[in-house]
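Residue indices begin at 1 and follow the sequence shown.
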Amino acid sequence: MSTHSGYLSNNDDSIRNIDSFNSVAELEDIDFSRLPRPRNLNIERQGSYDERSYTDTQLGFSPHPPSRAENFFRALEHFDSILSPSKRSEFTTPRSPFGQGPHPMIAEAWDSLRRTLVYFRGQPVGTIAALDNSDEKLNYDQVFVRDFVPSALAFLMNREPEIVKNFILKTLRLQSWEKKIDRFQLGEGVMPASFKVLHDPVRNTETLIADFGESAIGRVAPIDSGFWWIILLRAYTKSTGDTSLSEMPECQKGMRLILSLCLSEGFDTFPTLLCADGCSMIDRRMGVYGYPIEIQALFFMALRCALLLLKPDAEGKEFIERIVKRLHALSYHMRNYFWLDLKQLNDIYRYKTEEYSHTAVNKFNVMPDSLPEWVFDFMPISGGYFLGNVGPSNMDFRWFCLGNCIAILSSLATPEQATKIMDLIESRWHELVGEMPLKVCYPAIEGHEWRIVTGCDPKNTRWSYHNGGSWPVLLWLLTAACIKTGRPQIARRAIELAEQRLSKDGWPEYYDGKLGRFIGKQARKYQTWSIAGYLVAKMMLEDPSHLGMVSLEEDKQLKPVLKRSASF
């Protein structure tokens with residue numbers, strides 16, 4: 001067994017060597033319910049399998065100066081010594097460490113979540129997007145890769161890993177399918193956006209049908225699906241202590257195929273990924289083509305997770321070396337050119353343009369007159385955030401929640417930057433949280449700009465859906481970011497806001513309005529990831545050790561953010 005398999009003993013005869021299985025299909029034929037659960041091992045933080053840096057040094061926040069986050073993690077060290085990472089959530093107990101007892105919404109949420117389970121040949125393989133009773137279901141009756149992530153985390157936190165393993169294996173098999181849109185064949189490593197199970201009552205058979213973008217609005221392949229798949233594989237491994245799944249030859253190959261797509265050489269002059277509109281959670285035209293923060297942050301986190309999961313064999317070693325190089329370049333680029341705080345905003349305001357030489361300061365030739373008026377009032381003195389997009393003569397100054405939260409969790413953001421992001425959320429609570437957390441982006445685009453950017457999209461009108469709508473699913477990401485930065489009180493405040501209406505309103509997909517006061521005009525009720533996101537947020541507050549599934553500590557080998565130099 002490789003050095004990556006520190007959780008399992010080489011002398012454990014009860015575990016069959018994964019190399020003895022001929023294929024994923026053979027492994028899937030096993031009834032996992034009859035096998036013993038992976039052992040709950042006491043995994044120490046220091047020197048653990050997934051907290052090595054790229055040079056196998058210990059990870060952690062910089063101790064100079066000490067921060068609230070550092071003090072909070074000291075408390076977590078003690079917490080981890082008395083609680084197993086895979087401890088079942090104690091929602092049935094009379095009291096919890098963070099409140100007066102389980103909220104009545106929790107039982108309802110679990111019941112609703114279990115009713116979304118999708119079965120294939122007797123095994124649960126995912127959750128549908130929504131328990132929608134309307135006649136026009138569209139694709140909400142399918143299992144989406146990105147939508148399943150909070151459901152998977154909820155089941156992992158509740159010590160129910162089988163469904164997550166089944167999902168990982170089923171989507172892995174779908175990756176190997178031939179993928180064509182019209183007459184064009186997609187890359188081998190592309191993961192599906194979604195899949196569904198078709199039942200044939202006559203023949204008594206079940207068939208999986210996958211969508212790789214050919215049925216999506218705009219016909220765009222999902223770039224984020226592959227990244228979420230790698231992140232979820234690492235979360236499963238961290239939660240269960242079972243490395244046998246990630247060490248399967250098929251899983252190793254699946255990761256390499258995904259990485260081959262995004263590490264391939266081309267005409268790019270930046271380490272970021274060039275993307276089309278609609279390739280992620282914001283799956284409609286919203287002006288995020290180019291280098292959107294959501295994809296760059298997920299890319300960074302997936303690279304770090306893959307670095308921990310790949311075996312250093314003949315095939316894996318080459319990818320490990322390429323990942324390390326890309327991470328160094330990507331972290332430098334993002335921390336320097338995507339980061340915006342008051343000082344950098346002032347620098348951009350004073351930029352010179354048309355600088356042609358290698359000594360240029362305004363490297364992207366951004367026009368100061370393109371700065372939107374709202375950003376000057378939006379930026380607090382002590383806050384900051386990663387811009388929505390940076391490219392040639394283009395800076396998207398909108399604040400995007402998912403990208404900034406993932407930046408914190410993956411440690412793409414330095415500890416200082418993570419603190420500033422949380423300062424911004426606190427300072428601009430009215431704008432970003434309002435009456436229902438949390439704005440997917442801020443501010444909304446409207447008027448002539450809305451017509452040009454969205455193509456007059458009637459679903460993305462101002463303060464609705466992806467255009468400044470409020471999405472309850474983002475609660476779990478906010479909560480994880482709050483815990484990591486040592487500010488759980490922010491998450492608790494947001495959760496209490498959601499609890500006032502979320503269940504009464506039927507767990508909507510999103511809310512409309514500047515404050516998130518109205519149920520979205522086309523929002524589906526009983527949206528699965530709204531339900532799962534709430535559960536994950538509650539369980540993380542109850543047991544902060546769950547954070548380890550979705551959080552990676554800062555690698556000290558990555559150089560801290562540097563002052564912009566005269567050369568690129």
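A distance-only check finds no donor-acceptor pair linking the side chain of Trp399 to the backbone of Gly388 [under 3.5 Å]. When atom types are taken as modelled, the side chain of Arg234 and the backbone of Leu308 share no donor-acceptor pair closer than 3.5 angstrom. Between the side chain of Gln296 and the backbone N or O of Ile293 there is no donor-acceptor pair closer than 3.5 Å. The main-chain N or O of Ser194 is never found under 3.5 Å from a side-chain atom of Gln142 such that the two would form a donor-acceptor pair. A donor-acceptor contact shorter than 3.5 Å is absent between the side chain of Asn365 and the backbone of Ser393. Checking side-chain atoms of His466 against main-chain N and O of Met281 turns up a donor-acceptor pair under 3.5 Å. Side-chain N or O atoms of Asp396 include one that pairs as donor or acceptor with a backbone N or O of Arg398 at under 3.5 Å. No donor-acceptor pair under 3.5 Å is formed between the side chain of Asp512 and the backbone N or O of Ile519. In this structure a side-chain-to-backbone donor-acceptor pair under 3.5 Å is missing from Lys179 to Phe212. Put simply, the side chain of Arg304 gets close to the backbone of Ser410: a donor and an acceptor are under 3.5 Å apart.
Checked against the 6.0 Å centroid criterion, the rings of Tyr534 and Trp529 do not qualify as a close aromatic pair.
Side-chain atoms of Pro368 and Ile348, non-hydrogen and from C-beta on, never get closer than 4.5 Å to each other. For the pair Leu340 and Val375, the minimum side-chain heavy-atom distance is below 4.5 Å. Under the 4.5 Å side-chain criterion, counting only non-hydrogen atoms from C-beta, Val288 is in contact with Phe400. No side-chain heavy atom of Trp229 sits less than 4.5 Å from a side-chain heavy atom of Gln175. Residues Glu294 and Ile406 have side chains not in contact (no heavy-atom distance under 4.5 Å, counting atoms from C-beta outward). Between Leu438 and Ser470, the closest side-chain pair of non-hydrogen atoms is not below 4.5 Å. Between Thr272 and Phe299 there is no side-chain heavy-atom pair separated by less than 4.5 Å. Between Arg326 and Leu303, some side-chain heavy-atom pair lies under the 4.5 Å cut-off.
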| task | Verify side chain to side chain donor-acceptor pair (under 3.5 Å) between Thr461 and Lys521, making sure each step is shown before the conclusion. | result | CA-CA 10 Å; Thr461 54; Lys521 58 185 175 182; 2.7 Å; yes

| task | Check the pair Thr171, Trp228 against side-chain contact (heavy atoms from CB on, under 4.5 Å), reporting the backbone distance first and the verdict last. | result | CA-CA 11 Å; Thr171 47; Trp228 279 122; over 6 Å; no

| task | Any chance you could lay out the side-chain contact (heavy atoms from CB on, under 4.5 Å) test for Ile168 and Tyr236, step after step, and finish with the verdict? | result | CA-CA 9 Å; Ile168 289 171; Tyr236 171 88; 4.2 Å; yes

| request: Please assess Met157 against Met540 for the test side-chain contact (heavy atoms from CB on, under 4.5 Å), listing each intermediate value before the final yes or no. | output: CA-CA 9 Å; Met157 292 177 185; Met540 276 193 187; 3.6 Å; yes

| field | Candidate pair Tyr289 and Asn389, rule side chain to side chain donor-acceptor pair (under 3.5 Å), full reasoning | value | CA-CA 8 Å; Tyr289 58 86; Asn389 213 318; over 6 Å; no

| request: Test Met436 against Trp471 for side-chain contact (heavy atoms from CB on, under 4.5 Å), laying out the working first. | output: CA-CA 8 Å; Met436 177 57 69; Trp471 291 68; over 6 Å; no

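The nearest pair of heavy atoms linking Gly287 to Asp277 is N-OD2, 3.2 Å. Closest non-hydrogen pair, Ile495 versus Ala537, comes out as CD1-CB, 3.7 Å. Contact between Phe319 and Leu310 at its shortest, heavy atoms only, is CB-CD1, 3.9 Å. Residues Pro443 and Trp374 come closest through the heavy atom pair CD-CZ2, 3.2 Å.
For Arg462, the CZ atom sits in a loose shell: 12 or fewer heavy atoms of surrounding residues, nucleotides or ligands are nearer than 6.0 Å. For OH of Tyr349, the number of neighbouring non-hydrogen atoms (other residues, nucleotides, ligands) closer than 6.0 Å is 12 at most.
Shown are Phe338, Tyr337, Tyr332, Phe364; of these, the ring-ring contact (aromatic ring centres under 6.0 Å, His included) with Phe270 is made only by Phe364. Just one of Val473, Val143, Asp147, Thr127 meets the side-chain contact (heavy atoms from CB on, under 4.5 Å) condition when paired with Thr528; it is Thr127. Between Leu409 and the options Leu477, Ile483, Leu552, a side-chain contact (heavy atoms from CB on, under 4.5 Å) holds for only Leu477. Checking Asp347, Asn346, Asp341 one by one against Lys343, the side chain to side chain donor-acceptor pair (under 3.5 Å) holds for a single residue, Asp347.
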Side-chain polar contacts of residues 253-265 - donor-acceptor pairs under 3.5 angstrom, sequence neighbours left out - could you list them?
| from | atom 1 | to | atom 2 | distance (Å) |
| --- | --- | --- | --- | --- |
| Arg256 | NH2 | Glu315 | OE1 | 3.3 |
| Ser260 | OG | Arg256 | O | 2.8 |
| Ser264 | OG | Leu261 | O | 3.3 |

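We find the CG-NZ distance between Leu309 and Lys238 to be 12.0 Å, quoted to the nearest 0.5 Å. Of the inter-residue distances, the one linking Ile425 atom CD1 with Cys401 atom SG reads 6.5 Å to the nearest 0.5 angstrom. Between Met379 atom CE and Leu424 atom CG the span is 6.5 Å, to the nearest 0.5 Å. If you take SG on Cys405 and CG on Leu475, they are separated by 10.0 Å, rounding to the nearest 0.5 Å. For the atom pair CZ (Phe227) and CG (Asp224), the distance works out to 8.5 Å, reported to the nearest 0.5 Å.
Between Asp457 and Lys459, none of the side-chain N atoms (NZ, or NE/NH1/NH2) sits under 4.0 Å from a carboxylate O, so this pair counts as no salt bridge. The pair Glu509-Arg524 does not count as a salt bridge, with every side-chain nitrogen at least 4.0 angstrom from each carboxylate oxygen. Between Lys514 and Glu431, none of the side-chain N atoms (NZ, or NE/NH1/NH2) sits under 4.0 Å from a carboxylate O, so this pair counts as no salt bridge. Between Arg487 and Asp423 there is a salt bridge, since a side-chain N of the basic residue sits under 4.0 Å from a carboxylate O of the acidic one.
Partners of Phe167 by ring pair (Phe, Tyr, Trp, His ring centres under 6.0 Å), not counting sequence neighbours, listed by chain and number: Phe148. Tyr442 pairs by the ring pair (Phe, Tyr, Trp, His ring centres under 6.0 Å) definition with Phe378, Trp463, not counting sequence neighbours.
Cation-pi geometry between Arg146 and Phe144 is not met at under 6.0 angstrom from the ring centre and within 45 degrees of the axis.
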